[in-house]
Peer 1: 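I have a structure here, written as structure tokens, and I will follow up with some questions on it.
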Amino acid sequence: MKLIKNHTMYKLSVLSIAVSFVLLGNSCSIDEKQTVTTLKNLVLSDEFDVDGAPDPTLWGFDIGNGADQGIPGWGNNELQYYTDRTENVNVENGMLKITALQENFQGAGFTSARMLTKGKYQRKFGRFEARIKLPWGQGIWPAFWMLGDDANGTQIWPQIGEIDIMEYRGQDPTIVLGSVHGPGYSGGNAVTKSYDLVNDRFDTDFHIFGIEWGPDYINYYVDDVLYNQITPDDVNGEWVFNDNDFYIIMNLAVGGSFVGAPTQQTVFPQTMYVDYIRIYE
């Protein structure tokens with residue numbers, strides 16, 4: 001982890017221009033006006049340049065199948081048991097690797113990993129991005145996302161807010177989605193939009209997935225292409241993204257309501273490769 005301190009003077013480049021453009025796939029319409037904000041002051045990065053376990057000063061782990069947390073299947077009917085074993089999560093050759101395995105482990109048929117910065121690094125607003133090469137296959141569900149602090153359990157989801165920077169169905173290797181969840185617009189009613197990569201797949205090369213988040217907007221990017229903006233006017237309920245600091249989660253789920261179960265054609269192991277995570281303000 002690289003934490004940049006004493007950043008008392010920085011230049012915040014704001015392009016206060018409304019742009020009209022057409023993006024490929026299920027993205028912005030030709031009439032959609034959006035304000036692009038460019039945040040360039042780097043305040044934290046993890047370049048994954050030290051082999052071994054992820055930096056323990058930045059990352060912790062969720063362990064198990066969710067039952068101990070009161071949400072079996074992690075609330076999504078997921079099939080994996082999360083561990084912090086080297087087999088499931090490891091930094092090697094400048095890359096974080098989160099690997100899903102098909103194996104019998106603690107009563108589950110699959111293992112994987114879910115790492116998070118809860119209690120270690122949390123913030124409100126900024127640009128959050130990661131360069132990732134995604135896995136593929138029916139029932140494979142990687143995600144790069146954020147949750148609001150739960151005030152020591154006194155607030156619960158979806159009141160705390162959820163920002164899905166990137167999630168992806170392994171059976172649809174050209175499409176990623178960006179979403180928000182909050183009170184009145186959670187689960188299947190989340191505010192979401194997809195981005196379709198034309199003439200390429202997200203499992204064949206690295207791509208940069210990011211958001212820029214301010215008091216009244218969340219902009220979604222793939223490779224610096226703005227494909228969606230969500231504002232308080234877009235949600236059917238309370239805008240909860242000004243209330244709390246949020247922490248980062250990186251995980252690779254197997255099965256679940258969003259993707260369905262793997263089939264005999266799903267190849268294992270499957271690995272999510274992360275080149276870096278960077279945060280700007």
Peer 1: Do you know which two heavy atoms are closest between Leu177 and Tyr227, and how far apart they sit?
Peer 2: C-OH, 3.7 Å
Peer 1: Can any side-chain N or O of Ser186 pair as donor or acceptor with the backbone N or O of His181 at less than 3.5 Å?
Peer 2: no
Peer 1: Hey, any chance Leu96 and Met146 share a hydrophobic cluster, counting ILVMFWY side chains that come within less than 4.5 Å of each other, even indirectly?
Peer 2: yes
Peer 1: Assess the side chains of Asp62 and Trp74: does a donor N or O sit below 3.5 Å from an acceptor N or O?
Peer 2: no
Peer 1: With the 4.5 Å side-chain cut-off for hydrophobic clustering, are Ile98 and Leu79 part of the same group?
Peer 2: yes
Peer 1: If Ile, Leu, Val, Met, Phe, Trp and Tyr residues are connected whenever their side-chain heavy atoms lie under 4.5 Å apart, and connections chain through other members, are Phe206 and Ile277 in the same group?
Peer 2: no
Peer 1: With the side chain counted from C-beta on, respond yes when Phe268 and Val254 share a heavy-atom pair under 4.5 Å apart, and no when they do not.
Peer 2: yes
Peer 1: If you measure from CG on Leu42 to CZ on Arg127, what distance do you get to the nearest 0.5 Å?
Peer 2: 11.5 Å
Peer 1: Applying ring-ring contact (aromatic ring centres under 6.0 Å, His included), can you list everything that pairs with Phe258, at least two apart in sequence or on another chain?
Peer 2: Trp141
Peer 1: When rounded to the nearest 0.5 angstrom, what is the spacing between CD1 in Ile160 and CD in Gln155?
Peer 2: 8.0 Å
Peer 1: Give the cluster check for Leu116 versus Trp157: same hydrophobic cluster or not, with ILVMFWY residues linked at side-chain heavy-atom distances below 4.5 Å.
Peer 2: yes
Peer 1: Quick one: do Val235 and Ile230 satisfy side-chain contact (heavy atoms from CB on, under 4.5 Å)? Show the steps, please.
Peer 2: CA-CA 8 Å; Val235 304; Ile230 300 174; 4.2 Å; yes
Peer 1: Any idea how His207 and Phe209 line up, ring-wise: parallel (<30°), tilted (30 to 60°), or perpendicular (>60°)?
Peer 2: tilted
Peer 1: Please verify the inter-ring angle class for Phe125 with Trp213; under 30° counts as parallel, over 60° as perpendicular, anything in between as tilted.
Peer 2: perpendicular
Peer 1: Walk me through whether Leu39 and Phe128 qualify under side-chain contact (heavy atoms from CB on, under 4.5 Å).
Peer 2: CA-CA 10 Å; Leu39 307 176; Phe128 301 77; over 6 Å; no
Peer 1: Is there a side-chain contact between Lys97 and Glu92 in this structure, where contact means two heavy atoms from C-beta onward sitting under 4.5 Å apart?
Peer 2: yes
Peer 1: Evaluate the criterion side-chain contact (heavy atoms from CB on, under 4.5 Å) for residue pair Glu87 and Thr111; output intermediate values, then yes/no.
Peer 2: CA-CA 9 Å; Glu87 295 95 323; Thr111 59; over 6 Å; no
Peer 1: Restricting to non-hydrogen atoms, name the atom on Tyr82 and the atom on Leu252 that form the minimum distance, rounded to 0.1 Å.
Peer 2: CE2-O, 3.7 Å
Peer 1: To check you understand the geometry: which heavy-atom pair defines the closest contact between Ser45 and Arg278, and what is its length?
Peer 2: CB-CG, 3.8 Å
Peer 1: Please check if the side chain of Trp239 supplies one atom and the backbone of Pro215 the other of a donor-acceptor pair under 3.5 Å.
Peer 2: yes
Peer 1: Among Asn244, Asp149, Asp245, exactly one meets side chain to side chain donor-acceptor pair (under 3.5 Å) together with Gln122. Which residue is that?
Peer 2: Asp149
Peer 1: Hey, could you give me the CD1/CZ distance between Ile175 and Phe202, rounded to the nearest 0.5 Å?
Peer 2: 9.0 Å
Peer 1: Kindly compute the distance separating CD1 (Ile211) from CE (Met166), expressed to the nearest 0.5 Å.
Peer 2: 12.5 Å
Peer 1: Which atom pair, heavy atoms only, marks the closest approach of Ile279 to Tyr121?
Peer 2: CD1-CE2, 3.4 Å
Peer 1: So do Glu129 and Tyr280 actually touch side chain to side chain, heavy atoms under 4.5 Å?
Peer 2: yes
Peer 1: Give a yes or no on whether Leu197 and Ile132 share a hydrophobic cluster (residues Ile, Leu, Val, Met, Phe, Trp, Tyr; joining criterion: side-chain heavy atoms under 4.5 Å apart).
Peer 2: yes
Peer 1: Apply the side-chain contact (heavy atoms from CB on, under 4.5 Å) test between Leu134 and each candidate in Thr204, Val176, Thr271; give the one that qualifies.
Peer 2: Val176
Peer 1: Is it the case that Ser257 and Asn76 place a side-chain donor and acceptor less than 3.5 Å from each other?
Peer 2: no
Peer 1: Measuring only between side-chain heavy atoms, which start at C-beta, is Asp275 closer than 4.5 Å to Met95?
Peer 2: yes
Peer 1: Are Met272 and Ile140 close enough that some pair of their side-chain heavy atoms sits under 4.5 Å apart?
Peer 2: no
Peer 1: Tell me, with the steps shown, if Asn88 and Ser112 meet side chain to side chain donor-acceptor pair (under 3.5 Å).
Peer 2: CA-CA 5 Å; Asn88 295 118; Ser112 189; 5.4 Å; no
Peer 1: Heavy-atom count around Asp205 CG within 6.0 Å, excluding the residue itself: above 12?
Peer 2: yes
Peer 1: If you define the side chain from C-beta out and look only at heavy atoms, does anything of Val50 sit under 4.5 Å from Asp55?
Peer 2: no
Peer 1: With a 4.5 Å limit on heavy-atom distance, are the side chains of Gln171 and Val259 in contact?
Peer 2: yes
Peer 1: Report the distance from atom OG1 of Thr192 to atom CG of Asn189, rounding to the nearest 0.5 Å.
Peer 2: 11.5 Å
Peer 1: What are the two closest heavy atoms between Thr57 and Lys120, and how far apart are they?
Peer 2: O-CB, 3.6 Å
Peer 1: Can you confirm whether Trp59 sits close enough to Asp46 that some side-chain heavy atom of one is under 4.5 Å from a side-chain heavy atom of the other?
Peer 2: yes
Peer 1: Taking it one step at a time, do Thr117 and Leu58 satisfy side-chain contact (heavy atoms from CB on, under 4.5 Å)?
Peer 2: CA-CA 6 Å; Thr117 65; Leu58 180 61; 3.9 Å; yes
Peer 1: When the ring centroid of Tyr195 is compared with that of Tyr220, is the distance short of 6.0 Å?
Peer 2: no
Peer 1: Taking the side chain from Asp223 and the backbone from Ile208, do they hold a donor-acceptor pair closer than 3.5 Å?
Peer 2: yes
Peer 1: Can you name the nearest heavy-atom pair linking Asp51 to Asn93, along with the distance?
Peer 2: OD1-N, 3.1 Å
Peer 1: Kindly write out the residues that satisfy side-chain contact (heavy atoms from CB on, under 4.5 Å) with Asp203, not counting sequence neighbours, or none if the list is empty.
Peer 2: Trp136, Tyr168, Pro173, Arg201
Peer 1: From Tyr221 OH over to Leu226 CG, what is the distance, rounded to the nearest 0.5 angstrom?
Peer 2: 5.0 Å
Peer 1: According to side-chain contact (heavy atoms from CB on, under 4.5 Å), who are the partners of Glu238, at least two apart in sequence or on a separate chain?
Peer 2: Gln159, Pro183, Val240, Asp243
